[in-house]
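To start, the structure under review is shown below, and the notes come after it.
Just the heavy atoms: all of them, side chains too, but no hydrogens, waters or symmetry mates, feed the values below. Computed from a prediction, not measured in an experiment: that's the story for all the values here. Naming: A, B, ... by sequence-line order, numbering from 1 per chain.
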2 protein chains.
Amino acid sequence: MVEQEPATLDAVFHALSDSTRRAMLRELAGGEQSVSALAAPFSMSLAGASKHVKVLESAGLVRRRIAGRTHYCRLDAARLAEAEAWLRYYERFWTRRLDTLEALLKAEDERQREGENP
Amino acid sequence: MVEQEPATLDAVFHALSDSTRRAMLRELAGGEQSVSALAAPFSMSLAGASKHVKVLESAGLVRRRIAGRTHYCRLDAARLAEAEAWLRYYERFWTRRLDTLEALLKAEDERQREGENP
DNA sequence: GCTATCCTAAACCATATGGTTGAACAAGAG
DNA sequence: CTCTTGTTCAACCATATGGTTTAGGATAGC
C-alpha cells in the first residue's frame, strides 16, 4: 500500500467529497437506478445531477448500462474497497500506536503499584 | 450512519483527495512531524505545503502543537475512522449483495445437478 | 410520423483550489 | 542586538468545480 495509483485515489476520494454524490451511492447501495431516478431527490437540474453521475463513473465507483434511452447505474465496489483499504492500512498504524501507548501506560501503572506495596 | 455530518465528511474526503496530503498523512503515521519536515519531500514552496497542512488540520485529520517557532503536527485518527466507517457501512451492502448473488448462483447450480442425476 | 421522455453536450458563471511570490512575525543562535 | 529559521498571511494567478440554461440526439409511445 505505497500509493500505487495516486490518480485513482484522487478521483475516488474527490468523488466521495460531495454529499450529493455520497447520497447517490447510498441510493445505489439499494440496487440499480436510472440517472433520472438518482437525480430525483435533489433540487437540481437533471444536467447537474448527470454531471455528478459522471464524476462517480469516471472515478470508477459506478458503472453504466445503457438500455434504450435510459442509462442504468450500479455500484462498482472495487474502487470503494481500494479507498477503504487505504484508510484501513493507515488505521493499522494508528491503532498500533495507540496500543503501544496503552502498553506504556499499563507498565507505568504497574510500576507504581509495586511502589505502593514494598 | 445516515450521513450525520455531511460537512465533516466533505472536508475529510476532500482532504484525502490529494496525493500530497495523503503522503503527509503517511509520513505522520510514523510519528509527529514539524511543518517544514512535512514539506521537505515535495518540490513545492513551504507556503504551499503549509496550505496543505492547513487543509488536513481543518478537516480534523491532524492536530497542531506549537512549540516556540515550530509547529508540530500529529494524526488525529478519529476523523479518518469516521470516513472508514462510512465506507465500511456501504461495503456491508455490497458484500451482502454479492453474498446474495453467490447464494442464488449456488442454488441454481444445485438445481442443475439434481437434473443431471434423476 | 409526431411527440414526449431520458439523457448528454456546450456554453456560461461564480466560486474554490492549488500553486506562486513577497512580506511579516516570532523565536532560537551567534 | 543581529541574523537566521520556522511559519503564516496576503495578494495574485490559472485552472477546476458545481451549478445553471439551452440545445440536441436517441428512443419509446401513440
Side-chain angles (χ1 to χ4, degrees), chain A residues 3 6-28 31-75 83, chain B residues 3 6-28 31-75 83:
Chain A
E3 194 83 6
T8 297
L9 277 179
D10 281 15
V12 170
F13 282 126
H14 170 249
L16 293 175
S17 74
D18 182 283
S19 70
T20 299
R21 289 191 289 264
R22 286 198 305 277
M24 286 178 167
L25 291 178
R26 192 190 317 154
E27 196 60 33
L28 289 173
E32 207 177 49
Q33 296 281 343
S34 73
V35 170
S36 50
L38 281 175
F42 306 103
S43 56
M44 181 190 302
S45 68
L46 179 62
S50 170
K51 278 190 178 183
H52 281 297
V53 172
K54 201 172 180 180
V55 170
L56 290 169
E57 190 186 13
S58 56
L61 294 175
V62 316
R63 299 231 288 213
R64 186 187 302 251
R65 171 175 72 84
I66 301 179
R69 64 186 171 183
T70 85
H71 295 205
Y72 293 100
C73 302
R74 62 181 182 76
L75 274 175
Chain B
E3 193 84 5
T8 297
L9 276 178
D10 280 15
V12 169
F13 282 126
H14 171 249
L16 293 176
S17 74
D18 182 284
S19 70
T20 299
R21 290 192 288 265
R22 286 197 304 277
M24 286 179 167
L25 291 179
R26 193 190 317 155
E27 196 59 33
L28 288 173
E32 209 177 49
Q33 296 281 343
S34 73
V35 171
S36 51
L38 280 175
F42 306 103
S43 55
M44 182 189 304
S45 68
L46 179 61
S50 170
K51 278 189 177 183
H52 281 297
V53 172
K54 201 173 182 182
V55 169
L56 291 169
E57 190 186 14
S58 56
L61 293 176
V62 316
R63 300 230 290 213
R64 188 188 300 253
R65 173 175 69 87
I66 301 178
R69 65 187 169 182
T70 85
H71 296 206
Y72 293 101
C73 302
R74 63 181 182 78
L75 273 175

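Rounded to a whole Å, the CG atom of B:Asp18 is 14 Å from the C1' atom of D:dT15. Rounded to a whole Å, the CD1 atom of A:Ile66 is 16 Å from the C1' atom of C:dT5. Rounded to whole Å, the distance from CZ on B:Phe13 to P on D:dT17 is 17 Å. Put simply, CZ on A:Phe42 is 14 Å from C1' on D:dG18, counting in whole angstrom units. C:dC6 atom P lies 10 Å from atom OH of A:Tyr72, rounded to whole Å. In this structure, B:Asp10 places its CG atom 13 Å from C1' of C:dA16, rounding to the nearest Å.
Base contact: A:Gly48 has a heavy atom under 4.0 Å from a base atom.
Dashed line: the shortest gap from a side-chain N or O of A:Ser34 to OP1 or OP2 of C:dC6 is not under 4.0 Å. At C:dT21, none of the side-chain N or O atoms of B:Ser45 fall inside 4.0 Å of OP1 or OP2 (strictly under the cut-off). Phosphate proximity of C:dC7 to A:Lys54: absent, as no side-chain N or O sits under 4.0 Å from OP1 or OP2. For A:His14, a side-chain nitrogen or oxygen approaches OP1 or OP2 of D:dG18 to under 4.0 Å. A:Arg21 has a side-chain polar atom (N or O) that falls below the 4.0 Å cut-off from OP1 or OP2 of D:dG18.
Between the SG atom of B:Cys73 and the CD atom of B:Glu57 there is a distance of 7.0 Å, given to the nearest 0.5 Å. A:Leu75 contributes atom CG, which lies 10.5 Å from atom CD of A:Gln33 (distance to the nearest 0.5 angstrom).
Of all nucleotides listed (D:dT7, C:dT21, D:dA11), D:dA11 comes nearest to the side chain of B:Lys51. Relative to the side chain of B:Thr70, the nucleotides C:dT20, C:dG18, D:dT7 differ in distance, and D:dT7 lies closest. With C:dC6, C:dT20, D:dT7 as the candidates, the nucleotide lying closest to the side chain of B:Leu46 is D:dT7. Each of C:dC7, C:dG19, D:dC9 was ranked by its minimum atom distance to the side chain of B:His52; first place goes to C:dG19.
Map A:Ala67 and B:Val53 each onto its nearest nucleotide of DNA chain D; the residue landing nearer the 5' end is B:Val53. Comparing B:Ser36 and A:Ala47 by the nucleotide of DNA chain D whose heavy atom lies nearest to each, the residue mapping closer to the 5' end is B:Ser36.
Evaluation of the side-chain hydrogen bond (donor to acceptor under 3.5 Å, both in side chains) test over residues 41-52 of chain A, restricted to residues two or more places apart or in two chains, returns A:Arg21-A:His52.
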Subject >> Test log, rule side chain to side chain contact (heavy atoms under 4.5 Å, CB included), inputs A:Leu25 and A:Leu16 >> reply: CA-CA 9 Å; A:Leu25 291 178; A:Leu16 293 175; 3.5 Å; yes
Original post:
Under the side chain to side chain contact (heavy atoms under 4.5 Å, CB included) criterion, do A:Ser19 and B:Leu9 qualify, and how do the steps go?
Top reply: CA-CA 8 Å; A:Ser19 70; B:Leu9 276 178; over 6 Å; no
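If you check distances only, the side chain of B:Arg69 never reaches the base of C:dA26 with a donor-acceptor pair under 3.5 Å.
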